[in-house]
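All values derive from a computational prediction rather than experimental measurement.
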Amino acid sequence: MGFGVLARIGAGVNPRNMHSERVDGYNPLAVADAMERKKQVLLEGNGPVLVDTVTYRISGHSPSDASSYRTPAEMELWEQEDPIQNYARYLIANDLLTESQFDDLKAEATSIITAVTALATDDSLSPRVGGDFIEGVMFSNGRVERMADGEPEVLLPREENPRVKSLAKRSRFWLDKDGKQLSKTRVFTLRDGIFEALLRCFYNDPTLVAFGEENRDWGGAFGVYRGLTESLPYHRLFNAPISEGAIVGAGVGYAISGGRAVVELMYCDFMGRAGDEIFNQMAKWQAMSGGELTMPLVLRVSVGNKYGAQHSQDWSALVSHIPGLKVMFPSTPYDAKGMMNLALRGTDPVVFFESQRLYDMPEKFAEAGVPEGYYEVPEGQAEIRREGTELTILAIGAAVYRALEAAEELASQFGLSAEVIDLRFINPLDYTVILESVNRTGAVVLVSDACERGSFLHTVASNITQMAFDALDAPPAVVGARNWITPAAEMEEAFFPQSQWIIDTIHERILPLPGHTPVTAESTGDLLRRTRLGV
């Protein structure tokens with residue numbers, strides 16, 4: 001790259017040049033000395049530091065590496081600088097080691113490596129683990145109240161937090177005692193549920209930290225963190241640079257080192273900037289360590305609208321495909337709090353989806369309202385939002401409310417009783433409630449705001465087909481957003497699923513509705529047209 005020498009990159013980071021230096025990696029004393037000096041810089045609080053350790057890899061990157069990119073002469077010159085031989089000569093010259101002692105050490109090391117290699121490659125001595133073992137280390141499934149002992153660092157008592165005081169005056173259900181709807185300024189909302197769960201954990205677990213883009217100022221991008229600034233010192237809640245890979249990567253490192261972290265990428269679309277950190281690091285370290293490590297890390301991402309092609313996508317299908325991640329998607333304040341509590345007490349990596357459409361949503365289902373105390377939503381359990389007998393509608397996120405609108409119209413206009421189920425979880429997902437419903441109704445429609453092609457709901461539909469085939473009177477039908485880039489806000493009704501789409505899909509692909517004339521393109525013929533065009 002342009003800077004030529006890695007140590008020079010520090011000049012572009014801070015006035016201290018990151019205390020950068022280049023050190024001979026073939027000289028163990030030089031490396032030890034450099035590390036001791038850098039350690040002191042860090043302990044004094046003057047980091048970060050950058051050490052450019054120059055070494056050479058004799059062996060290629062993999063067994064298939066033929067080293068065609070370097071000459072035999074180059075490799076011979078480096079082999080002559082063998083650090084083990086050079087360091088041995090240095091010790092011998094300074095009367096710290098004899099030739100015979102060096103030969104003995106070399107023979108001992110060779111013997112150990114040979115014996116270990118023989119053990120590792122002999123299946124009778126080191127049998128391969130089975131699938132049960134791999135399944136057993138995918139998730140730690142721990143329940144840990146706090147990751148370390150000690151008193152959490154806070155700035156004021158919890159009860160004195162201004163948002164806590166404000167929420168105490170709000171209704172935790174959307175209707176007043178007379179059954180009248182309350183304004184959103186007077187009710188406890190979904191964002192409040194996430195806040196309460198986080199606040200409790202901050203006052204309980206001294207290791208909990210939260211960071212991301214604009215997390216601290218003005219309550220975070222969508223107001224979830226409003227009130228936390230007053231309660232927490234900066235090192236527990238802070239703004240990160242606009243570097244999604246660094247945000248998730250730092251969270252991964254902190255979690256496997258014994259802490260608990262909540263990191264935020266603001267928009268779901270930005271997950272692509274942290275692909276390796278989410279898909280290969282966050283998801284896999286527990287299994288790759290054979291179950292020795294845990295990953296108490298929650299990744300918050302919002303599913304947007306109003307912001308066009310690069311800020312309004314639902315990428316739940318991507319994380320559903322990656323082994324090792326737990327994935328949650330609440331649609332109500334009750335679930336938002338209970339599911340965040342669940343995530344914050346676990347020891348597994350969780351991707352926590354939040355719909356921007358629902359941040360102001362009050363609680364409409366738990367008639368007792370959102371509890372003030374601690375509770376958890378049972379992991380993997382879907383929830384029936386409306387009971388029905390003739391059709392099942394499965395939905396997730398903001399689409400739950402479109403499904404409820406469709407169910408109401410189906411009942412009033414066509415006398416059709418539809419059951420609406422909120423999946424809530426993507427992984428793990430218990431199919432018990434789903435199958436009980438489908439076995440009763442014989443038909444199912446699945447709805448989400450994710451683009452229809454490749455949607456996670458196709459996996460659910462496939463599983464239902466296999467597990468309840470005899471009960472089905474028609475194939476499951478998936479309703480998703482159009483397979484377009486997300487258009488501008490004024491066109492979103494043509495992009496995201498509407499209740500009418502659900503009704504037209506039922507009429508076209510499951511059950512003809514008497515006297516109904518479809519107004520949206522949900523027929524099999526239109527599906528063929530769209531797939532042919534790639535849209």
Side-chain angles (χ1 to χ4, degrees), residues 163-164 166-168 170-174 182 184 186-202 204 208 210 212 215 219-228 262-268 297-305 314 316 319 326-346 350-385 395-401 403-404 420-427 429 448-449:
R163 188 169 180 181
V164 170
S166 174
L167 292 180
R170 294 192 174 198
S171 171
R172 291 178 171 253
F173 190 61
W174 72 310
L182 295 165
K184 69 178 183 180
R186 298 177 58 195
V187 293
F188 186 93
T189 64
L190 187 142
R191 65 162 55 88
D192 298 325
I194 300 172
F195 165 81
E196 277 198 346
L198 285 166
L199 187 71
R200 177 193 178 276
C201 194
F202 270 116
N204 186 61
L208 179 62
N215 273 193
F222 303 104
V224 171
Y225 289 154
R226 183 171 48 81
L228 289 183
V262 177
V263 299
E264 182 193 349
L265 296 188
M266 194 183 299
Y267 288 93
C268 182
L297 175 63
V298 178
L299 170 61
R300 294 182 54 230
V301 291
S302 75
V303 176
N305 66 317
D314 178 336
S316 53
V319 292
K326 291 187 175 182
V327 188
M328 306 178 183
F329 200 160
S331 66
T332 71
Y334 180 95
D335 285 354
K337 180 177 178 179
M339 291 165 76
M340 182 58 79
N341 279 336
L342 177 69
L344 290 174
R345 203 172 182 183
V350 174
V351 180
F352 201 87
F353 284 93
E354 302 162 17
S355 173
Q356 293 174 28
R357 298 181 179 196
L358 302 181
Y359 278 131
D360 285 332
M361 183 64 69
E363 180 55 47
K364 294 186 175 183
F365 302 99
E367 294 186 4
V370 180
E372 294 183 15
Y374 184 85
Y375 65 95
E376 296 177 6
V377 169
E379 187 171 76
Q381 297 295 312
E383 180 73 7
I384 296 174
R385 299 299 184 195
I396 195 162
V400 169
Y401 295 91
L404 289 165
V420 177
I421 297 178
D422 183 351
L423 290 178
R424 304 196 292 187
F425 293 89
I426 291 175
N427 189 56
L429 177 60
S448 86
D449 280 343

Novice: Find the distance between NZ (Lys326) and CG (Leu342) and round it off to the nearest 0.5 Å.
Specialist: 7.0 Å

Novice: For the residue pair Ile421 and Ile384, what are the closest heavy atoms and their distance?
Specialist: CG1-CG1, 4.0 Å

Novice: Atom CD of residue position Glu372 - does it have more than 12 heavy atoms of other residues, nucleotides or ligands inside 6.0 Å?
Specialist: no

Novice: At what distance, to the nearest 0.5 angstrom, does CG of Leu299 lie from CG of Leu265?
Specialist: 5.0 Å

Novice: Are Arg163 and Leu167 packed together at the side-chain level, in the sense that at least one heavy-atom pair is separated by less than 4.5 angstrom?
Specialist: yes

Novice: Could you walk me through whether Val327 and Phe425 pass side-chain contact (heavy atoms from CB on, under 4.5 Å), step by step?
Specialist: CA-CA 6 Å; Val327 188; Phe425 293 89; over 6 Å; no

Novice: Kindly write out the residues that satisfy side chain to side chain donor-acceptor pair (under 3.5 Å) with Arg172, not counting sequence neighbours, or none if the list is empty.
Specialist: Glu196

Novice: Any chance you could lay out the side-chain contact (heavy atoms from CB on, under 4.5 Å) test for Asp192 and Tyr359, step after step, and finish with the verdict?
Specialist: CA-CA 8 Å; Asp192 298 325; Tyr359 278 131; over 6 Å; no

Novice: Could you tell me which residues satisfy side chain to side chain contact (heavy atoms under 4.5 Å, CB included) with Arg345, sequence neighbours excluded, listed by chain and number?
Specialist: Arg143, Glu145, Tyr374, Glu376

Novice: Step by step, work out the side-chain contact (heavy atoms from CB on, under 4.5 Å) result for Asp360 and Arg191.
Specialist: CA-CA 7 Å; Asp360 285 332; Arg191 65 162 55 88; 2.4 Å; yes

Novice: Hey, what do you get for CE (Met361) to CG (Leu190), rounding to the nearest 0.5 Å?
Specialist: 8.5 Å

Novice: Indicate yes or no: at least one non-hydrogen side-chain atom of Leu344 is less than 4.5 angstrom from one of Val298.
Specialist: yes

Novice: Report yes if the distance between the aromatic ring centroids of Phe202 and Phe195 is under 6.0 Å, otherwise no.
Specialist: no

Novice: Are side-chain heavy atoms of Asp314 and Phe329 found at a separation under 4.5 Å?
Specialist: yes

Novice: Of all heavy-atom pairs between Ala197 and Lys337, which one has the smallest distance, and what is that distance?
Specialist: CB-O, 3.7 Å

Novice: Testing the basics here: between Ala366 and Tyr334, what is the closest heavy-atom pair and its distance to 0.1 Å?
Specialist: CB-CD1, 3.9 Å

Novice: How far apart are the C-alpha atoms of Ser302 and Glu354, what are their side-chain angles, what is the distance that settles it, and do they pass the side chain to side chain donor-acceptor pair (under 3.5 Å) test?
Specialist: CA-CA 5 Å; Ser302 75; Glu354 302 162 17; over 6 Å; no

Novice: Kindly confirm or rule out a cation-pi arrangement of Arg300 over Phe353, judged by NZ or CZ under 6.0 Å from the six-membered ring centre and within 45° of its axis?
Specialist: no

Novice: Please name the pair of heavy atoms, one in Phe173 and one in Leu182, separated by the smallest distance, quoted to 0.1 Å.
Specialist: O-CD1, 3.8 Å

Novice: Cut-off 3.5 Å, side chains only: do Ser331 and Asp422 have a donor facing an acceptor?
Specialist: yes

Novice: For the residue pair Ala221 and Met266, what are the closest heavy atoms and their distance?
Specialist: CB-CG, 3.7 Å

Novice: Taking the side chain as every heavy atom from C-beta outward, state whether Val187 and Thr189 have any atom pair closer than 4.5 Å.
Specialist: yes

Novice: Taking C-beta and beyond as the side chain, do Thr332 and Arg385 meet within less than 4.5 Å on heavy atoms?
Specialist: yes

Novice: Angle class for the Tyr401/Phe365 ring planes (parallel below 30°, perpendicular above 60°, tilted otherwise)?
Specialist: tilted

Novice: Is a side-chain N or O of Asn204 found less than 3.5 angstrom from the main chain of Cys201, in a donor-acceptor match?
Specialist: no

Novice: By side chain to side chain contact (heavy atoms under 4.5 Å, CB included), which residues pair with Pro330, not counting sequence neighbours?
Specialist: Asp335, Ala336, Met339, Phe352

Novice: Looking at every heavy atom in both Val420 and Val400, which two are closest together, and how far apart are they?
Specialist: CG1-O, 4.4 Å

Novice: Heavy atoms, side chains only, cut-off 4.5 Å: are Ile426 and Val319 in contact?
Specialist: no

Novice: Is the shortest heavy-atom distance from the side chain of Arg170 to the side chain of Arg186 under 4.5 Å?
Specialist: no

Novice: Does any non-hydrogen side-chain atom of Arg357 lie less than 4.5 Å from one of Asp449?
Specialist: yes

